[in-house]
Student: 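This structure is in structure tokens; I'll ask about it shortly.
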Amino acid sequence: MIPVNEPLLNGNEKKYLCECIDTGWIGSDGPFVRKFEEEMAKYVGRKYAVAVTNGTSALEMAVVALGIGEGDEVIMPTFTIISCAQAVVKVGGKPVLVDCEYDTFNMKVKDIESKITQKTRAIMLVHIYGLPVDVDPILDLARKYNLKVIEDAAEMLGQTYKGRKCGSFGDISIFSFYPNKIITTGEGGMVLMDDEELYERCKSLRNLCFSPDVDKRFIHEDIGWNLRMTNLQAAVGLAQLERIDEFIAKKRWIGNMYQELLSDIEVINLPVKKTYYAENIYWVFPIVLKDEYPKTAKEVMKELANRGVGTRPFFYPMHKQPVFNKMGLFIGESYPNAEKLYEKGFYIPSGLALTEEQIREVSRIMQEVLR
Ligand SMILES: *Cc1c(COP(=O)(O)O)cnc(C)c1O
């Protein structure tokens with residue numbers, strides 16, 4: 001079986017992990033955590049970074065740190081991971097959804113303004129699969145209506161928008177270091193910002209809002225979480241970040257290989273290579289079956305699995321999620337592009353450990369199955 005994702009861990013990961021064990025620094029106070037935060041902030045172009053346990057908790061922290069709460073509306077794409085919507089639902093807020101573009105999978109920026117109400121507090125922009133969402137018009141809207149902006153750059157470390165790094169936009173941005181992301185720490189995430197007060201709030205929220213005053217150590221003014229990243233995770237993260245340029249080049253090489261090897265399959269849409277503001281980074285390599293092709297993505301994925309090719313389905317849109325419908329959210333709402341992409345889309349192996357031989361094998365099997 002060619003797995004849909006396999007990470008590459010053959011840099012300094014082992015060396016740094018041994019350092020943790022040899023020095024006894026395995027908890028969250030170790031030096032790799034600070035170093036990883038500093039290097040991430042520097043790389044992305046933010047002033048501050050707060051390492052946390054995963055991307056989902058990073059989003060929850062961002063929502064709480066910005067003061068979003070009961071009754072507040074946050075505009076976001078329906079075609080995304082549930083982490084985005086549930087972060088808002090968990091504080092009693094309401095996600096307000098926008099459909100996605102059929103070709104780039106990103107939020108339809110033109111549809112955002114009509115969703116703004118008196119209750120709108122923020123826009124959560126999410127970069128999907130390899131191309132950033134068109135950021136500037138969103139930042140313009142946020143300025144015009146005095147809204148906060150949360151940037152979910154979980155899939156897009158190293159990608160740029162008009163030459164500026166993803167993860168540097170809006171009030172607060174987040175990354176995930178799950179094994180299928182551009183760099184990994186096994187599980188892990190990060191919250192980045194330029195505002196010092198927001199930085200202090202996030203550090204406090206990460207650590208149970210312990211009092212900074214040593215005399216009041218166990219006296220709490222607020223409720224937080226324990227979202228501390230360990231030195232072990234940060235050691236792996238730092239080793240991964242050292243190779244970010246190589247990783248991005250490899251992702252693009254995989255993407256370009258597939259573009260070439262699959263270009264003559266008439267029944268599929270291949271991902272957009274570039275827009276006027278970015279070149280695809282191919283975090284994953286998404287395939288969309290054309291309308292005239294009779295089979296669903298599910299059927300094709302099964303045939304590929306039978307021939308040893310791992311795949312993943314596309315996101316199931318937020319407005320269709322039973323858990324939200326049961327809460328009375330998004331009833332009767334319809335976003336046709338996101339719905340259709342779920343039926344027609346899937347992605348194929350593109351992990352950093354993928355070899356040229358495997359890419360050729362996947363492509364050959366794709367040709368066979370879709371001929
Ligand atoms: C992976 C991902 C997350 C969640 O990150 P985890 O570390 O898995 O919790 C959030 N947003 C997007 C867009 C993602 O792709």
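When a residue number appears, it is its place in the shown sequence, counting from 1. Ligands are counted one by one from 1 in listed order, and the atoms in each one are counted from 1 as well.
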Student: Give yes if a backbone or side-chain nitrogen or oxygen of Tyr178 is under 3.5 Å from a nitrogen or oxygen of ligand 1, and no if not.
Tutor: no

Student: Considering only heavy atoms of Thr56, which atoms of ligand 1 have at least one such atom less than 4.0 Å away?
Tutor: 4 (C), 5 (O), 6 (P), 9 (O)

Student: So which bit of Lys181 gets within less than 4.0 Å of ligand 1, heavy atoms only: side chain, backbone, both or neither?
Tutor: side chain

Student: So Phe330 and Tyr335, ring pair (Phe, Tyr, Trp, His ring centres under 6.0 Å) or not? Walk me through it.
Tutor: CA-CA 11 Å; Phe330 320 133; Tyr335 302 98; 8.1 Å; no

Student: Determine whether the side chain, the backbone, both or neither of Val126 has a heavy atom under 4.0 Å from any heavy atom of ligand 1.
Tutor: side chain

Student: Please tell me whether Phe314 and Phe79 form a close aromatic pair, meaning their ring centres lie under 6.0 Å apart.
Tutor: yes

Student: For the pair His220 and Phe210, name the ring-plane relationship: parallel under 30°, tilted 30 to 60°, perpendicular over 60°.
Tutor: tilted

Student: Should one rank Ser176, Cys84, Gly189, Ala153 by closest heavy-atom distance to atom 7 (O) of ligand 1, which comes out on top?
Tutor: Ser176

Student: Would Glu151 and Tyr161 count as having a side-chain donor-acceptor pair, cut-off 3.5 Å?
Tutor: no

Student: If we check side chain to side chain contact (heavy atoms under 4.5 Å, CB included) with Leu262, which of these qualifies: Val362, Ile287, Leu370?
Tutor: Ile287

Student: Between Arg34 and Glu37 (salt bridge meaning N to carboxylate O under 4.0 Å), is one present in this structure?
Tutor: yes

Student: Going by the atom numbers of ligand 1, which of them fall below 4.0 Å from some non-hydrogen atom of Asp152?
Tutor: 10 (C), 11 (N), 12 (C), 13 (C)

Student: If I take atom CG from residue Leu141 and atom CG from residue Asp136, how far apart are they, to the nearest 0.5 angstrom?
Tutor: 11.0 Å

Student: Based purely on interatomic distance, does Trp283 place a nitrogen or oxygen under 3.5 Å from a nitrogen or oxygen of ligand 1?
Tutor: no

Student: If we only count N/O pairs under 3.5 Å, is Glu155 in contact with ligand 1?
Tutor: yes

Student: Do any nitrogen or oxygen atoms of Ile174 come within less than 3.5 Å of a nitrogen or oxygen of ligand 1?
Tutor: no

Student: What part of Ile81, side chain, backbone, both or neither, has a heavy atom within less than 4.0 angstrom of ligand 1?
Tutor: side chain

